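Step one of this worksheet: look at the structure below.
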Amino acid sequence: MLIRFHWLQSELSNCICKSLLRAKQLHALLLRTHLLEDPFYATKLVRLYAANNDIHSAYQVFDESSTRSVYLWNSIIRAYAQSSRFDSAISLFRTMFGADISPDNYTYACVIGACCDNFDFGMLRLVHGAAVASGFGMDPICCSALVAAYSKLGFVNDAHRVFNGIAAPDLVLWNSLISGYVCSGSWEIGMRMFNWMRHVGGKPDGFTLAGLLGGITDSSLMSIGQGLHGLSLKSGLDSDSHVGSLLVSTYSRCKCMASAYSVFFSIFQPDLVTWSALIAGYSMSGEYEKALFYFRKLNKGNKKPDSVLIASALAAIAQAANIGPGYEIHGYVIRHGFESDVKVSSALVDMYSKCGFLHLGTRVFRIMPERNIVSYNSIISGLGLHGCASESFKMFDEMLAKGLMPDEATFCALLCACCHAGLVKDGREIFHRMKDEFHIMAMPEHYVYMVKLLGSAGHLEEAYKLVQSLSEPVDKAILGALLSCCNSSGNSKMAENVAQQLFESNPDDNAYSVMLSNIYAGDGRWDEAKNLRDRITGGQRKMPGLSWTEGSFC
DNA sequence: GTAGGGTTAG
């Protein structure tokens with residue numbers, strides 16, 4: 001009999017990989033043997049049903065149990081919370097107060113998490129109060145949930161206050177606080193907390209590193225990312241597959257593809273997300289051939305790409321403007337039933353139009369079963385790229401009529417359409433509507449389109465004024481666009497001003513110093529040209545990109 | 001004699 005118990009226990013514990021059918025078989029067996037009267041088995045079964053998304057059966061097991069342990073209560077509350085049935089989770093929690101059993105620290109942790117997932121700050125405060133009243137105000141399990149919940153809802157100061165109440169915080173509490181600061185945008189404070197933790201003798205684990213790596217959003221922070229990578233090697237955390245995967249995506253995000261690849265290569269069996277990070281990284285860095293190479297390589301193995309991966313592979317193809325592999329993937333999409341996926345279909349629309357096959361993109365768009373803002377943005381931008389501005393305006397109106405809210409990308413697409421068709425008046429109007437009617441802040445991309453539109457239609461002064469109205473430092477893409485407009489309309493005085501501005505706002509980028517020095521030389525102002533050159537080269541006469549030597553052009 | 005809290009990428 002004892003052997004059978006062991007077998008049952010392990011069967012019930014490996015619930016993630018078991019099917020619903022297996023759950024029902026075990027349920028029947030437990031009923032026959034009267035083992036369900038033991039709350040231990042009832043708890044296991046509730047968890048098994050919950051893992052297989054059968055919340056109804058889970059509740060039935062709970063409901064029919066005569067003796068309910070705190071484990072059983074917690075399991076059913078967690079089952080409701082994790083399937084986003086927050087009201088049911090909370091009302092069960094309330095019922096618990098009337099029952100003959102009291103919530104424990106795990107109950108509170110679970111309900112706190114539910115309040116957070118439901119963005120219910122008011123309820124979070126109430127539950128926090130109840131937890132303190134029940135004596136869990138300094139319990140590490142309850143408090144780590146509080147720290148995470150407060151910071152996720154944007155109240156990182158409250159999170160820190162909870163943390164401060166604990167005399168000897170454990171690693172989980174530190175991790176919650178660090179990632180709390182990082183995900184609310186205070187990356188430096190997160191780093192400070194991390195250093196403090198190490199100072200008081202805390203040893204980071206995979207979660208600590210994951211929290212910090214999430215804050216490395218662009219290549220300017222890459223050296224810190226590399227430091228964290230070094231730390232993971234030193235602490236032996238690189239064998240944690242999550243850490244490896246996060247390093248791949250961090251390096252990919254910063255376009256450090258050689259490093260991304262070397263980490264990827266060291267992972268034993270990379271999962272889909274890791275593959276996808278690598279492929280998207282190559283695609284974003286302009287290495288489209290490699291992106292496709294790894295997409296094909298993934299296909300040859302036993303892993304099957306999902307919708308997100310297909311969409312990012314299609315984005316790589318769109319950038320490469322190479323229709324061949326695009327057809328290949330479209331075939332794959334049809335064979336595997338991904339057509340109904342709105343992400344995939346929108347990526348197909350975008351891919352076809354960027355490869356020059358607008359009619360194919362339009363066809364995909366027309367037969368899409370579901371359309372969202374991304375699909376409309378794809379078709380609006382596709383039409384715009386092919387010079388069909390009026391059709392793209394029509395699509396915009398259709399989108400509004402459907403009640404969809406435009407976003408930044410919609411206006412990029414519309415302004416791009418105006419640029420391609422040279423529609424200055426429409427462009428101005430769209431730019432104003434974006435800000436006034438839809439309350440969307442103009443991003444550098446929008447200004448770039450406006451500058452190109454105005455500059456190429458002979459309204460250089462207006463473009464210049466628009467850029468000068470921006471607060472410093474002005475994004476270099478905007479200034480770059482303005483500079484090329486100045487150059488093509490032969491306005492050398494204005495070009496010099498803009499180059500000067502580019503140089504001043506990017507003092508560390510030698511490309512701008514070289515450019516300005518060339519401009520001075522072209523104007524015959526050799527002293528100024530030389531001064532600037534010597535400042536960057538430290539007296540050396542040669543510098544890549546420099547188009548002059550002492551007193552003459554090369 | 002048994003079990004649960006924090007994190008996670010494209």
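Naming: A, B, ... by sequence-line order, numbering from 1 per chain. All of these numbers come straight from a predicted model, not from anything done at the bench.
Between dA3(B), dG5(B), dG10(B), one nucleotide has an atom nearer to the side chain of Pro140(A) than all others, and that is dG5(B). When distances run from any side-chain atom of Phe40(A) to the nucleotides dG1(B), dA9(B), dG4(B), the shortest one goes to dG1(B). The side chain of Val172(A) has dG6(B) as its nearest neighbour among dA3(B), dG6(B), dA9(B). Considering only side-chain atoms of Asp271(A), the nucleotide from dA3(B), dG10(B), dA9(B) that sits closest is dA9(B). Of the candidates dA3(B), dG5(B), dA9(B), dA9(B) carries the atom nearest the Val273(A) side chain, counting heavy atoms from C-beta on. Of all nucleotides listed (dA9(B), dG5(B), dG10(B)), dG5(B) comes nearest to the side chain of Ala109(A). Between dG4(B), dG10(B), dG6(B), one nucleotide has an atom nearer to the side chain of Arg253(A) than all others, and that is dG10(B).
Looking at heavy atoms from C-beta onward, Ile76(A) lies out of side-chain contact with Arg68(A) at the 4.5 angstrom threshold. In this structure, the side chains of Leu45(A) and Tyr41(A) stay at 4.5 Å or more apart for every pair of heavy atoms. When side chains are defined from C-beta on, Gln319(A) does not count as touching Met284(A), because their heavy atoms never get closer than 4.5 Å.
The base of dG6(B) does not come close enough to the side chain of Asp170(A) for any donor and acceptor atom to sit less than 3.5 Å apart. No hydrogens or angles were tested; on distance alone, a donor-acceptor pair under 3.5 Å links the side chain of Tyr71(A) to the base of dG4(B). Residue side chain Ser276(A) reaches the base of dG10(B) through a donor-acceptor N/O pair under 3.5 Å, judged by distance alone. Judged by distance alone with a 3.5 Å cut-off, a donor-acceptor contact links the side chain of Asp104(A) to the base of dG4(B).
Put simply, CG on Leu298(A) is 17 Å from P on dG10(B), counting in whole angstrom units. Atom pair Leu314(A):CG and dG10(B):P shows a separation of 18 Å (rounding to whole Å applied). Atom CZ of Arg47(A) is separated from atom C1' of dG5(B) by 12 Å (rounded to the nearest Å). Look at OH on Tyr41(A): it is 12 Å from C1' on dA3(B), rounded to the nearest Å. The interatomic distance linking Tyr294(A) (OH) with dG10(B) (P) rounds to 20 Å, in whole Å. If you take CE of Met284(A) and C1' of dA9(B), they are 12 Å apart, rounded to a whole angstrom. The separation between Tyr80(A) atom OH and dG4(B) atom C1' is 19 Å, rounded to whole Å. Between Phe136(A) atom CZ and dG4(B) atom P the separation is 18 Å, expressed in whole Å.
Within the 4.0 angstrom heavy-atom criterion, no nucleotide atom of any strand lies near Ala210(A). Residue-level contact check: Ala280(A) touches the backbone only, with heavy atoms under 4.0 Å from sugar-phosphate atoms and none from bases. Among the atoms of the strands shown, none is found under 4.0 Å from any heavy atom of Leu173(A). Nucleic acid contact for Lys343(A): none, since no nucleic acid atom lies under 4.0 Å from a heavy atom of the residue. At the heavy-atom level, Leu171(A) lies under 4.0 Å from base atoms of the strands shown. Among the protein residues, Ser245(A) comes within range of the nucleic acid bases, having at least one heavy atom under 4.0 Å from a base atom.
Listed by residue number, there are no residues of residues 181-197 of chain A with a heavy-atom contact under 4.0 Å to DNA chain B.
The stretch residues 275-303 of chain A participates, sequence neighbours left out, in these salt bridge (charged side-chain N to carboxylate O under 4.0 Å, His left out) pairs: Glu287(A)-Lys290(A), Arg296(A)-Glu328(A).
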(request) Show your reasoning for whether side chain to side chain contact (heavy atoms under 4.5 Å, CB included) applies to Val248(A) and Ser245(A). (result) CA-CA 5 Å; Val248(A) 173; Ser245(A) 181; 5.7 Å; no
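Between Cys254(A) atom SG and Leu221(A) atom CG the span is 7.5 Å, to the nearest 0.5 Å.
The pair Lys343(A)-Asp306(A) does not count as a salt bridge, with every side-chain nitrogen at least 4.0 angstrom from each carboxylate oxygen.
The aromatic rings of Tyr59(A) and Phe62(A) sit tilted, their planes meeting at an angle between 30° and 60°.
Evaluation of the salt bridge (Lys or Arg N to Asp or Glu O under 4.0 Å) rule for Arg192(A) yields no partner, not counting sequence neighbours.
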